[in-house]
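Here is the structure we will look at, set down as structure tokens.
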There are 2 protein chains.
Amino acid sequence: MSQMLLIHDQLREMILSLDLGPGERLTERWLEGRFQSSRTPIRAALARLEGEGLVQREGRNWAVAPIDLGEIEALAEFREPLEVTAVRLACARAASADLDGIEEMLNACRSDVPREEWHKIGTDFHVEIARLSGNKFLVAAIDGVMIRLSRARWLEVWTESSREQAWSEHRRILGYIRSGQSEEAAREASAHVRDTRDRLLRSLNADRRGLRARGFAIVGAR
Amino acid sequence: MSQMLLIHDQLREMILSLDLGPGERLTERWLEGRFQSSRTPIRAALARLEGEGLVQREGRNWAVAPIDLGEIEALAEFREPLEVTAVRLACARAASADLDGIEEMLNACRSDVPREEWHKIGTDFHVEIARLSGNKFLVAAIDGVMIRLSRARWLEVWTESSREQAWSEHRRILGYIRSGQSEEAAREASAHVRDTRDRLLRSLNADRRGLRARGFAIVGAR
DNA sequence: AACCTCGTTTTGGTATCCCAAAACAGTATT
DNA sequence: AATACTGTTTTGGGATACCAAAACGAGGTT
């Protein structure tokens, strides 16, 4: 695999895991040392990450994108019709075997698995449903949304009640898809998007001071 | 402005205007001569254009993206809920003065203006409506869709009947937004997306042989 | 003590250089 | 004549060198 993609993936992982704090300044020279490579592949990787919304320009230099409460609201507004459409198309097009795979994914999360696993599967669930729609643009858009929500979601999987709430919603959506009840599935997906938005904003507002104290840039209303 | 952005914009213009044919091979070395610059900014521009779907990798080298009929169908499926959402939000949030601006845009297209103008305004209409939604992700997504449809739309604006059909649909959408009839506006937007898809696919299938003869790669079903 | 000034350092942007792998073409072999 | 081989060319990927502009700081002025 090309060096640029390796750097992209590693840097992305560092950002999504909050190993690099939101708002942190990045210099191409520091990354050069960190990844033991020249600036050429680093700049390509930064350009990609900028497209994914994980890295931004600040004047002339680079910074890890801050967590933006306004953006989380806008994402929910954007995401709702996407998830509804994905779920409707999945009802029409998904084979039963496909749904089995997704159900297994959900089952893999029992209360003893680490938070990282809940976090990952909570993302993958939505992307896999989108995949069943057979529409690559829906997949790409929902994947993009989940990446942008990813850091905030660490807070969502922190408490058991949030996890359980999200999981029961996931199960209901999957159940309706399996029985072909597309309107019920759509309504449930729609509610899930709004509930998730509320959970994320509540958590972020509650922990805002603590996150700021750790040097994380949290911007946006409230 | 940075050289990379200049190259990006010019190359994009060459692709969208069909000055570079769909499917055409591009080498970094040729572009180097064409734009009188080094490969560094060229490679950055190509990476961007790849993200916009206008340029692809073919094995190890670059090519202008072919026109893909399957992609046009998938884009319509993806676009429909976006336009519906944008129109609904615009109903709730747009000021009357904003709508005046868009109406003027539409009025600027009389039968004597060149096709280029119809083409541009037909794109801008949708992006501007999206802007009224106040949601940057909707704007970016609809903008991305319109860019990907852009080359096929040259055929749509070719015949007067297509132009007039599209314009009357645009006017109906705008009218419903102005009177705050969000459900009617949504239904109309939805129909417009499907009608446009049908017009594009019909035109492409009709002209397929001719386009192929000009060296344009047209791929996909039918 | 506050503020301007000018030289130094650091930054990202660009050009150029080097390399390995893939494409190609000419040649020899069957 | 078809095919396998091999040396050459061309390709994109990466490293390095160079530049202008922005950021920074020490020293001098008020």
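The basis for the numbers below is simple: all heavy atoms, side chains too, and nothing from hydrogens, waters or symmetry mates. Reminder, nothing fancy here: chain letters follow the sequence lines and each chain counts from 1.
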Side-chain donor-acceptor pair present, [X], [Y], cut-off under 3.5 Å:
X         : Y         : value
Ser133(B) : Arg93(B)  : no
Ser190(A) : Glu80(A)  : yes
Arg199(A) : Thr196(A) : yes

request  = Just call it for Leu26(A): base, sugar-phosphate, or nothing, with non-hydrogen atoms closer than 4.0 Å on any strand.
outcome  =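 Answer is sugar-phosphate: Leu26(A) comes under 4.0 Å of backbone atoms only.
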Whole-Å distance separating the [atom1] atom of [X] from the [atom2] atom of [N]:
X        : N       : atom1 : atom2 : value
Glu32(B) : dT14(C) : CD    : C1'   : 12 Å
Leu31(A) : dA15(D) : CG    : P     : 14 Å
Trp30(B) : dG12(D) : CH2   : P     : 13 Å
Arg57(A) : dG13(C) : CZ    : C1'   : 10 Å
Glu50(B) : dG13(D) : CD    : P     : 10 Å
Glu28(B) : dT9(D)  : CD    : P     : 21 Å
Ile42(A) : dG13(D) : CD1   : P     : 16 Å
Arg39(B) : dC18(C) : CZ    : P     : 14 Å

inquiry  = Side chain of Asn61(B) only, heavy atoms from C-beta on: which candidate in dT14(C), dT11(C), dG12(D) is closest?
reply    =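 In terms of side-chain proximity for Asn61(B), the closest of dT14(C), dT11(C), dG12(D) is dG12(D).
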task = Measure from the side-chain heavy atoms of Pro41(B) and tell me the nearest of dA15(C), dG12(D), dA15(D).
result =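 So the nucleotide nearest the side chain must be dA15(C).
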inquiry  = Please tell me if Arg43(A) has a side-chain N or O lying less than 4.0 Å from either OP1 or OP2 of dG13(C).
reply    =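 The answer is yes; a side-chain N or O of Arg43(A) sits under 4.0 Å from OP1 or OP2.
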request  = May I ask you to verify if any side-chain N or O of Thr40(A) is less than 4.0 angstrom from the OP1 or OP2 atom of dG14(D)?
outcome  =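 For Thr40(A), the contact criterion (side-chain N or O under 4.0 Å from OP1 or OP2 of dG14(D)) is not met.
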task = State plainly whether the residues Asp124(B) and Lys120(B) are in salt-bridge range, i.e. N to O under 4.0 Å.
result =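 Looking at Asp124(B) and Lys120(B), the cut-off is met.
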ask   = Is the closest basic N to carboxylate O distance between Arg57(B) and Glu50(B) below 4.0 Å?
value =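 No, Arg57(B) and Glu50(B) are not salt-bridged.
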query = Quick one: on DNA chain C, does Arg29(B) or Gln36(B) contact a more 5' nucleotide (nearest heavy atom)?
reply =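 Residue closer to the 5' terminus by nearest nucleotide: Gln36(B).
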message = Go nucleotide by nucleotide along DNA chain C from the 5' end; which of Arg25(A) and Arg60(B) gets its closest nucleotide reached first?
response =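 Taking each residue's closest nucleotide, the earlier one in sequence belongs to Arg25(A).
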